[in-house]
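Just the heavy atoms: all of them, side chains too, but no hydrogens, waters or symmetry mates, feed the values below. All chains are named by letter (A, B, ...) in the order of the sequence lines, taking the proteins before the strands, and each is independently numbered beginning at 1.
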Amino acid sequence: MKKPSIPKGTRDFSPVEVTRRSYIMDTIKASFANFGFQPIETPSFENSETLMGKYGEEGDRLIFKILNSGDFLRKVGDDLYTEKDSAKLTPKISEKALRYDLTVPFARYVVQHQNEITFPFKRYQMQPVWRADRPQKGRFREFYQCDADVVGSSSLWQEVELVQLYDTVFGKLKLEGVTIKMNNRKILSGIAEMIGAEDKLIDFTVALDKLDKIGEEKVKVEMREKGIAETAITKLQPLFSVTGTASEKLATLKSLLSTSEIGLQGISEMEFIVDAIETLELSAATLEIDVTLARGLNYYTGAIFEVAAPDGVAMGSIGGGGRYDDLTGIFGMKDMSGVGISFGLDRIYLVLEELNLFPETVTANSKVLFINFGEKEALYALQAIKLLRAAGINAELYPDATKMGKQMGYADKRDIPYVVLAGESEMVDGTYTLKNMKSGEQEQCGLERLQKVLK
RNA sequence: GUGGUUGUAGCUCAGUUGGUUAGAGCGCCUGAUUGUGGUUCAGGAGGUCGUCGGUUCGAGACCGAUCUUCCACCCCA
């Protein structure tokens, strides 16, 4: 018989993995609540029209479409069918699609529930999203995003708080040395304006984004390929040498963009955030200005964030976010500014695993196994187990009265730290033999002592 | 979507220019040991070599397709 399997890019999670994932999620969730965010959930699939066209052409390709129910092909006209044009045919046979991220569904939620929401609305959401991508390391077709967004306030204090939120979560996870990279769409616009390539903003930033990956020369090559003028590339030169501390970088940028109103506005926004964070101080993360950061440009209008794992860990970004002045505009609700960040749960897991940062105590294992000696003895054991469980101690009885070696082996393999032996002789004097599996020591004791040791 | 890569026992992997009955380590099961796990010893089970097709007297090995793994690009958490 053929072995069953799961679709590529998806995963099963073992007990250890689920426990560790919940550890991360609980940490993030607690911090979200700690910062005043409230949870919502949205359906795993949306109407196609809600999602299509919101992530660019590339995004549309990566959205999982759901086939209509029923005899969906019968409703397709003969000419459309013979034409074999997938782009035209798709909307006719698929009217629903799996959620691609949490931001667009959130925008839809805000517009749809605008009369029930008190603004500014701070929401968090932790749910799986799906992308029809080709899997790679840390890249899956089903993965979790943990988002916190604020909608209905354009205050820069939100950006400041979100940086703090990142720092709080990574601090709690003991993940030291992450870098929060920050940029501003307005600075990118200012640069494009300055070099006279406003119409090529996206091409220009996508190329710039690859600087640390492919190097200065190749970035220039790509810019030329995209039709950016040589004079513009020359004007760009000082940008490749923006270095130093955050305030030094800002000073360089300021002189570079002195003629661009929008560029200067972006710089002052960044200054505000950097100054506030300098006063408030971060514990686990570093805030860094990175003018080459240009992800998610389809809707970001102000701050752009991306979180890089600590040095030495080969992993794509473990978080991202930014400000979008008009997110709900695509659903017809104007002038609603939003800003938010996202944690990539699956990648954070891989980083914590690589750095061995999961606490030992993160386990859902039983504390004690009661050996099964037979019917009367099992009942005697279950009476004690009932009390232990009521006291919050994870305890279990071996279900079958098999050979002791087998039962002990089970406890050993499951890494259960204690075993209780209660047979005929213990029953007679109402005691239990408690064995510490690690040291091998054992003692005969009463219920009270049992509970005290196992607590 | 483009290019490359991987698949042999539950796991990690050997398997020579194509040649008899496909191996190892670990794990698993049984016993030595009927109230004591890990260690040791003895024995045992387990594979239509990812799948389908082709070349050949003969294929785990060669060819094609397909699925899967990982990687790069694109893009992204």
Side-chain angles (χ1 to χ4, degrees), chain A residues 1-11 24 28 55-63 86 99-103 126-147 166 202 205-207 209-210 213-214 218 222 293-298 305-309 314-322 340-351 369-374 377 398 401-427 432-442 444:
Chain A
M1 197 174 105
K2 187 174 174 264
K3 269 183 207 164
S5 64
I6 54 176
K8 76 169 153 192
T10 65
R11 296 147 303 154
I24 300 172
I28 297 174
Y55 309 99
E57 204 180 313
E58 189 69 18
D60 281 358
R61 206 194 78 213
L62 297 176
I63 291 173
S86 304
R99 186 201 296 136
Y100 177 87
D101 73 354
L102 301 178
T103 307
M126 310 173 75
Q127 290 188 278
V129 302
W130 295 268
R131 296 185 186 177
D133 211 352
R134 270 214 200 168
Q136 275 178 51
K137 182 176 186 181
R139 175 179 260 193
F140 308 99
R141 301 216 291 185
E142 178 184 60
F143 63 96
Y144 266 75
Q145 286 190 335
C146 311
D147 277 27
Y166 266 139
I202 300 285
T205 49
V206 165
D209 190 41
K210 296 176 188 163
K213 206 169 177 182
I214 63 176
K218 284 185 180 166
E222 184 166 334
L293 176 60
R295 302 297 172 84
L297 272 177
N298 282 321
F305 297 110
E306 182 167 307
V307 183
M315 181 62 61
S317 57
I318 57 177
I341 56 171
S342 179
F343 290 82
L345 167 71
D346 302 83
R347 288 187 178 175
I348 292 172
Y349 182 102
L350 292 172
V351 172
L369 175 80
F370 280 67
I371 301 294
N372 190 330
F373 286 105
E377 294 90 339
Y398 194 88
T402 53
K403 264 182 290 197
M404 230 189 124
K406 193 172 167 111
Q407 300 193 39
M408 296 293 287
Y410 175 82
D412 192 44
K413 258 169 256 168
R414 287 255 329 257
D415 260 328
I416 296 173
Y418 290 95
V419 160
V420 166
L421 298 90
E424 228 173 313
S425 63
E426 283 90 349
M427 280 176 75
Y432 304 87
T433 298
L434 177 66
K435 173 166 177 139
N436 180 325
M437 290 298 275
K438 204 164 183 181
S439 65
E441 285 165 14
Q442 56 187 63
Q444 197 169 344

### Summary
Each base of RNA chain B marked ( ) or [ ] if paired in-strand (Watson-Crick or G-U under 3.5 Å), | if paired to another strand and . if unpaired gives ((((..(..((((.....[...)))).(((((.......))))).....(((((..]....))))))..))))....
### Query
Given that A/G319 and A/Y410 both sit by RNA chain B, which one's nearest nucleotide is further toward the 5' end?
A/Y410
### Message
Over all strands shown, is A/K210 touching base, sugar-phosphate only, or nothing at heavy-atom distances under 4.0 angstrom?
### Response
sugar-phosphate
### Interatomic distance at P, B/U8 relative to B/C52, whole Å
16 Å
### Task
Figure out the CH2/P separation between A/W130 and B/A77, and round it to whole Å.
16 Å
### Query
What residues form a salt bridge (Lys or Arg N to Asp or Glu O under 4.0 Å) with A/D101, not counting sequence neighbours?
none
### Query
Below 3.5 Å, does any donor atom in the side chain of A/R139 face an acceptor in the base of B/C71, or the other way round?
no
### Query
What nucleic acid atoms does A/G138 come within less than 4.0 Å of, heavy atoms only: base, sugar-phosphate, or nothing?
base
Dump the pairs, protein N or O against N or O of nucleotides 33-36 of chain B, anything under 3.5 Å, distances to one decimal.
unit_1, atom_1, unit_2, atom_2, d
B/G35, O6, A/S425, OG, 3.3
B/G35, O6, A/E426, OE1, 3.1
B/G35, N1, A/E426, OE1, 3.1
B/G35, N1, A/E426, OE2, 3.1
B/G35, N2, A/E426, OE2, 3.0
B/U36, O2, A/K435, NZ, 2.8
B/U36, N3, A/Q442, OE1, 2.8
B/U36, N3, A/Q442, NE2, 3.3
B/U36, O4, A/Q442, NE2, 2.5

### Query
How would you list, by chain and number, every residue that makes a salt bridge (Lys or Arg N to Asp or Glu O under 4.0 Å) with A/E377, sequence neighbours excluded?
none
### Query
Less than 4.5 Å apart, any side-chain heavy atom of A/Y166 and any of A/F343?
yes
#### Entry: Atom P, compared across B/G44 and B/G23: separation rounded to whole Å
14 Å
### Query
What nucleotide among B/A72, B/A77, B/U68 has an atom nearest to a side-chain atom of A/K8?
B/U68
### Separation between the P atoms of B/G50 and B/U39, rounded to whole Å
32 Å
### Task
Give the rounded distance in Å between these two atoms: CG of A/D133 and C1' of B/C76.
7 Å
### Spacing of A/Y398 atom OH relative to B/G37 atom P, expressed in whole Å
14 Å
### Query
Got a sec, which residues hit salt bridge (Lys or Arg N to Asp or Glu O under 4.0 Å) with A/K406, two or more places apart in sequence or on another chain?
none
### Query
Are A/F343 and B/A77 stacked, counting the six-membered base ring, centres under 5.5 Å, planes under 30°?
no
### Message
Test of understanding: with side-chain contact (heavy atoms from CB on, under 4.5 Å), list the residues that count as partners of A/R141, not counting sequence neighbours.
### Response
A/K8, A/F64, A/P135
#### Entry: Residue A/K137, side-chain atoms from C-beta onward, closest of B/C75, B/G1, B/C70
B/C70
### Message
Between B/C13 and B/C76, how far apart are the two P atoms, rounded to whole Å?
### Response
34 Å
### Message
What contact category does A/F140 fall into here, base, sugar-phosphate, or nothing, at under 4.0 angstrom with non-hydrogen atoms?
### Response
base
### Message
I need the CD-C1' distance between A/E142 and B/C76, as an integer number of Å.
### Response
17 Å
### Query
Over how many whole Å does the gap from A/L62 atom CG to B/U2 atom P extend?
13 Å
## Note on the structure
Sorted by chain and residue number, the ring-ring contact (aromatic ring centres under 6.0 Å, His included) partners of A/Y349 (sequence neighbours excluded) come out as A/F358
### Message
Of the listed nucleotides (B/C73, B/C28, B/C76), which one gets closest to any side-chain atom of A/K213?
### Response
B/C73
### Task
Give one of base, sugar-phosphate or nothing for A/S342, where a contact means two heavy atoms less than 4.0 Å apart.
nothing
### Between B/G10 and B/C62 - P atom distance, rounded Å
23 Å
### Query
In whole angstroms, how far is the C1' atom of B/G3 from the CD atom of A/Q136?
12 Å
### Message
According to side-chain hydrogen bond (donor to acceptor under 3.5 Å, both in side chains), who are the partners of A/D60, at least two apart in sequence or on a separate chain?
### Response
none
#### Entry: Out of B/A77, B/C70, B/C71, whichever nucleotide has its closest atom nearest the side chain of A/S317
B/A77
## Note on the structure
Between CG of A/L293 and C1' of B/C76 the distance, given in whole Å, is 13 Å
### Message
Between A/E142 and A/P128 (side chain of the first, backbone of the second, donor and acceptor by atom type, cut-off under 3.5 Å), is there such a pair?
### Response
no
### Task
Please confirm whether any donor atom in the side chain of A/R134 sits under 3.5 Å from an acceptor in the base of B/G3, or the reverse.
yes
### Query
Is the backbone N or O of A/I6 less than 3.5 Å from a side-chain atom of A/R11, with the two atoms forming a donor-acceptor pair by type?
no
## Note on the structure
Nearest-nucleotide check on RNA chain B, A/R141 vs A/Y144; residue mapping nearer the 5' end is A/R141
### Message
Taking the C1' atom in each of B/G7 and B/A65, what is the distance between them to the nearest angstrom?
### Response
16 Å
### Message
Nearest whole Å is fine: how far is B/G1 P from A/I63 CD1?
### Response
15 Å
### Message
Can you tell me how the ring of A/Y432 sits relative to the ring of A/F370, calling it parallel under 30°, perpendicular over 60° and tilted otherwise?
### Response
perpendicular
### Nearest-Å distance once atom P is located in both B/C26 and B/U20
27 Å
### Message
Once you apply a heavy-atom cut-off of 4.0 Å, does A/E58 come out as touching a base, just sugar-phosphate, or nothing?
### Response
base
### Task
Could you tell me whether A/G9 contacts a base, only the sugar-phosphate backbone, or nothing, with contacts defined as non-hydrogen atoms closer than 4.0 Å?
sugar-phosphate
### Task
Determine whether A/S317 and A/V307 make a side-chain contact, defined as any pair of heavy atoms from C-beta on separated by less than 4.5 Å.
no
#### Entry: A/K218: side-chain contact (heavy atoms from CB on, under 4.5 Å) partners, not counting sequence neighbours
A/I214
### Message
Say we look at B/G46 and B/U69: how far apart would their C1' atoms be, to the nearest angstrom?
### Response
24 Å
